[in-house]
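Written below as structure tokens is the structure these notes are about.
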Amino acid sequence: MANKRKRQVVEITRRSGKTMNKIEFLIFGAMIVYLIVVVITYLNSEKIRGYEIKMGSLSETKTYTGIAIREEEILTTPYTGYINFYIREGERVSTRDTVYSIDESGKLASLLNSGELGENSYTDEELAEFRSEIIQYDRGFEKKDFQSVYDFKYEMEGAVVRLVNIDMQQSMETLNSSSLGSLVNMCKAGKTGYVVYSTDGYEDITAQDITAEDFDTTKYEKKKISNNDLVEANSSVAKLVTEEEWSLVIQVDEERAKALEEAEYVNIKFLKTQESSWASVNILRKDDGIYAVLGFNNSCNSFCTDRFIEIELVINDEVGLKIPNSAIVEKEFFIIPAEYMSKGGANGNYGVSKEVFDENGNVVYQFVETTVYNSDENEFYVDNENLSVGDYICKPDSAEKIAISKSGTLIGVYNMNKGYADFKQITILYQNDEYSIVSSNTKYGLTVYDRIVLDASSVNTDDFIY
């Protein structure tokens with residue numbers, strides 16, 4: 001009998017083991033299938049990409065060609081002969097500085113080249129400046145503006161004159177002792193200003209005189225005087241820019257004109273030097289177009305040889321949190337009077353007492369938590385997920401109640417710091433086609449280094465983000 005019972009127990013145990021092995025196998029198989037499904041779903045699902053917010057700036061820029069207007073005085077010579085300059089173009093001179101000489105015999109050039117007037121000297125710093133100008137021109141050269149080659153040539157000739165560094169006082173002794181002494185006339189500036197060795201007919205033009213035709217650069221002509229050129233008496237040989245203040249006239253449309261009038265001052269970037277400067281703005285509306293007169297009180301020496309100047313107009317240079325426009329979404333919300341909001345629930349968050357009916361049809365009030373997007377002293381802007389238009393809410397510690405009816409929309413982004421799509425309102429300061437600048441450190445808003453959903457259309461509010 002005992003042996004029989006032992007055999008029964010062994011048989012039951014064997015059958016139980018087989019049953020357990022089958023159950024374990026089914027559980028293990030189900031886990032494998034689940035993992036495979038999860039992996040396939042993950043691989044096929046659209047990835048939620050994030051974007052880390054940083055401080056940045058946006059500015060709207062547009063390129064314009066302006067006509068420079070300055071206080072310019074033409075220098076004329078009372079002599080006929082061959083001219084030689086002793087001041088580099090663009091340098092400032094005083095009234096007593098010798099700017100040029102007129103050689104009535106035409107032999108001064110050979111005397112200068114022979115070295116009889118003494119040795120010339122130049123410093124490493126002057127040579128470095130010379131090389132720098134060549135490199136700068138080479139980088140900015142464009143084939144379509146080949147005329148600039150001639151301007152560069154004249155500028156380099158002026159630079160060479162400076163590098164030669166003739167000592168006028170010592171040279172005059174040698175010059176006076178030669179047969180040329182009475183035939184070379186040394187001419188001084190007569191006024192203080194920046195020397196320019198060219199004229200173009202725009203010297204006396206004013207902003208009121210500017211017309212649309214004046215901006216046609218194909219008709220522009222500049223008369224350039226070079227060393228050893230033969231000049232006639234009473235002809236113009238150079239000019240002086242006598243005032244530091246100058247202006248630039250550009251053509252604008254009505255929309256830009258209104259924006260500039262409102263700004264009063266605007267940031268200008270000069271494409272030639274890549275430097276920026278602030279300019280005052282005056283708008284002229286004329287029969288043939290609208291013109292903006294940009295006034296400067298510096299940088300005159302950098303552009304005194306240029307009549308047409310390329311600039312970028314920089315406006316709306318806003319600084320704040322920089323976010324891509326793809327992250328911005330519009331969301332509906334309810335506007336709740338502040339006196340109807342209170343804190344409660346398990347988490348002590350803001351919410352409202354909503355009127356509901358129990359199973360017996362009796363009116364009861366249920367506290368409903370709401371996500372607050374923004375608020376002020378009078379109103380709260382709250383999420384509409386758990387509320388509907390027409391729902392009655394009760395004022396705390398009072399029998400007064402109102403029906404929810406006021407709604408609107410907010411602009412915001414989805415914050416993903418907490419692992420789900422958490423809507424945050426934003427205030428846009430400035431926006432272009434790709435990015436927006438929004439206010440930082442606002443109540444219920446965003447801060448630097450927050451992570452937001454790059455493509456707002458890929459998620460919904462409260463979606464989990466892995």
Using the salt bridge (Lys or Arg N to Asp or Glu O under 4.0 Å) definition, which of the options Glu73, Glu203, Glu89, Glu71 pairs with Lys239? Glu203
Within residues 273-294 or reaching into it, pairs that qualify as salt bridge (charged side-chain N to carboxylate O under 4.0 Å, His left out) - sequence neighbours excluded: Glu254-Arg285, Glu261-Arg285
Keeping the roles fixed (side chain from Tyr291, backbone from Ala212), state whether a donor-acceptor pair exists under 3.5 Å. yes
Rounded to the nearest 0.5 angstrom, the CD1-OG distance for Ile67 and Ser247 is 10.5 Å
May I have the step-by-step check of side chain to side chain contact (heavy atoms under 4.5 Å, CB included) for Val352 and Ser342, ending in yes or no? CA-CA 6 Å; Val352 295; Ser342 63; over 6 Å; no
Taking the six-membered ring where the residue is Trp, are the ring centres of Phe380 and Phe334 under 6.0 Å apart? no
Could you tell me whether Arg307 and Glu72 make a salt bridge, using a distance below 4.0 angstrom between a side-chain N and a carboxylate O? yes
Kindly indicate whether the side chain of Thr192, heavy atoms from C-beta on, has any atom under 4.5 Å from the side chain of Thr242. no
Specify the closest pair of heavy atoms between Ile69 and Ala207, including all atoms of both residues, with the distance to one decimal. CD1-N, 3.4 Å
Indicate yes or no: at least one non-hydrogen side-chain atom of Ile437 is less than 4.5 angstrom from one of Ile428. no
Salt bridge or not between Asp383 and Lys331? Use side-chain N to carboxylate O under 4.0 Å. yes
Just to verify, what does Ser326 make a side chain to side chain contact (heavy atoms under 4.5 Å, CB included) with, not counting sequence neighbours? Pro324, Leu454
Non-hydrogen side-chain atoms of Val448 and Ile53 separated by less than 4.5 Å: no
Are Asp97 and Lys188 within salt-bridge range, i.e. N to O under 4.0 Å? no
For the OH atom of Tyr350 and the CE atom of Met341, what is their distance to the nearest 0.5 Å? 7.5 Å
Interatomic spacing from CD1 in Ile452 to NZ in Lys424 - rounded to 0.5 Å: 12.5 Å
Name all pairs fulfilling the salt bridge (charged side-chain N to carboxylate O under 4.0 Å, His left out) condition that reach into residues 292-301, sequence neighbours left out, sorted by first residue then second. none
Yes or no on side chain to side chain contact (heavy atoms under 4.5 Å, CB included) for Tyr197 and Ile87, after CA distance, side-chain angles and deciding distance? CA-CA 10 Å; Tyr197 297 133; Ile87 301 295; 3.6 Å; yes
Taking the ring centre of each residue, are Phe270 and Phe296 less than 6.0 Å apart? yes
Check step by step if side chain to side chain contact (heavy atoms under 4.5 Å, CB included) holds for Leu248 and Trp246. CA-CA 7 Å; Leu248 200 61; Trp246 62 291; 4.1 Å; yes
Over all heavy atoms of both residues, which pair between Leu429 and Val319 is shortest? Give the atoms and the distance, please. CD1-O, 4.0 Å
Under a 3.5 Å threshold, yes or no: a donor from one side chain and an acceptor from the other, between Tyr220 and Asp200? yes
Less than 4.5 Å apart, any side-chain heavy atom of Ile290 and any of Asp253? no
Does any part of the side chain of Lys418, heavy atoms only, come nearer than 4.5 Å to the side chain of Met416, both counted from C-beta? no
Ile328 CD1 to Asp455 CG distance, which is reported to the nearest 0.5 Å: 12.0 Å
Rounding to 0.5 Å, atoms NZ (Lys322) and OH (Tyr435) come to a distance of 6.0 Å
What closest approach, in Å, do Ser276 and Asn267 show between heavy atoms, and which atom pair accounts for it? CB-OD1, 3.7 Å
Phe423: partners by ring-ring contact (aromatic ring centres under 6.0 Å, His included), with sequence neighbours left out: Tyr373
For the atom pair CD1 (Ile268) and OG (Ser299), what is the distance rounded to the nearest 0.5 Å? 11.0 Å
Which pair of heavy atoms, one from Asn301 and one from Gly90, lies closest together, and at what distance? CB-O, 4.4 Å
Side chain of Thr80, backbone of Ala233: donor and acceptor closer than 3.5 Å? yes
Do you know the tightest heavy-atom contact between Cys187 and Ile102? SG-CG1, 4.4 Å
Evaluation steps, side chain to side chain donor-acceptor pair (under 3.5 Å), between Tyr194 and Glu243: CA-CA 9 Å; Tyr194 298 107; Glu243 296 292 337; over 6 Å; no
With distance as the sole test, does Asn325 use its side chain to make a donor-acceptor pair with the main-chain N or O of Asp433 at under 3.5 Å? yes
Any pair counted as ring-ring contact (aromatic ring centres under 6.0 Å, His included), so long as it reaches residues 224-245, sequence neighbours left out: none
For Lys406, which residues count as a side chain to side chain donor-acceptor pair (under 3.5 Å) partner, sequence neighbours excluded? Glu379
Donor-acceptor pair, distance only, cut-off 3.5 Å: does the side chain of Asp214 make one with the backbone of Thr211? yes
Count the heavy atoms of every other residue, nucleotide or ligand shown that sit under 6.0 Å from CG of Asp204, and state whether that count exceeds 12. no
Ser101 and Asn185: CA distance, side-chain angles, deciding distance, side chain to side chain donor-acceptor pair (under 3.5 Å) verdict: CA-CA 5 Å; Ser101 66; Asn185 303 285; over 6 Å; no
For the residue pair Tyr100 and Tyr86, is the inter-centroid distance of their aromatic rings smaller than 6.0 Å? no
Checking Gln274 side chain against Leu271 main chain: does a donor-acceptor pair fall under 3.5 Å? yes
Hey, are the side chains of Leu410 and Tyr381 touching, using non-hydrogen atoms and a 4.5 Å cut-off? yes
Verify side chain to side chain donor-acceptor pair (under 3.5 Å) between Asn297 and Glu245, making sure each step is shown before the conclusion. CA-CA 4 Å; Asn297 56 15; Glu245 294 184 353; 5.6 Å; no
Derivation of the side chain to side chain donor-acceptor pair (under 3.5 Å) call for Glu310 and Thr65: CA-CA 5 Å; Glu310 299 287 333; Thr65 298; 2.6 Å; yes
Correct closest heavy-atom pair for Ala327 and Ala456 would be O-CB, 3.5 Å
Would you kindly say whether Asn234 and Thr77 are connected by a side-chain donor-acceptor distance under 3.5 Å? no
Hey, is the main chain of Phe308 close enough, under 3.5 Å, to the side chain of Asp306 for a donor-acceptor pair? no
Val293 vs Leu284 side-chain heavy atoms within contact, under 4.5 Å: yes
Less than 4.5 Å apart, side chain to side chain, heavy atoms only: is that true for Leu321 and Lys54? no
Please report the C-alpha distance between Leu294 and Ser280 in whole Å, then the side-chain angles of each, then the deciding distance to 0.1 Å, and finally whether the side chain to side chain contact (heavy atoms under 4.5 Å, CB included) criterion is met. CA-CA 5 Å; Leu294 310 174; Ser280 61; over 6 Å; no
Would a distance-only check, ignoring hydrogens and angles, find a side-chain to backbone donor-acceptor pair under 3.5 Å from Asn417 to Arg451? yes
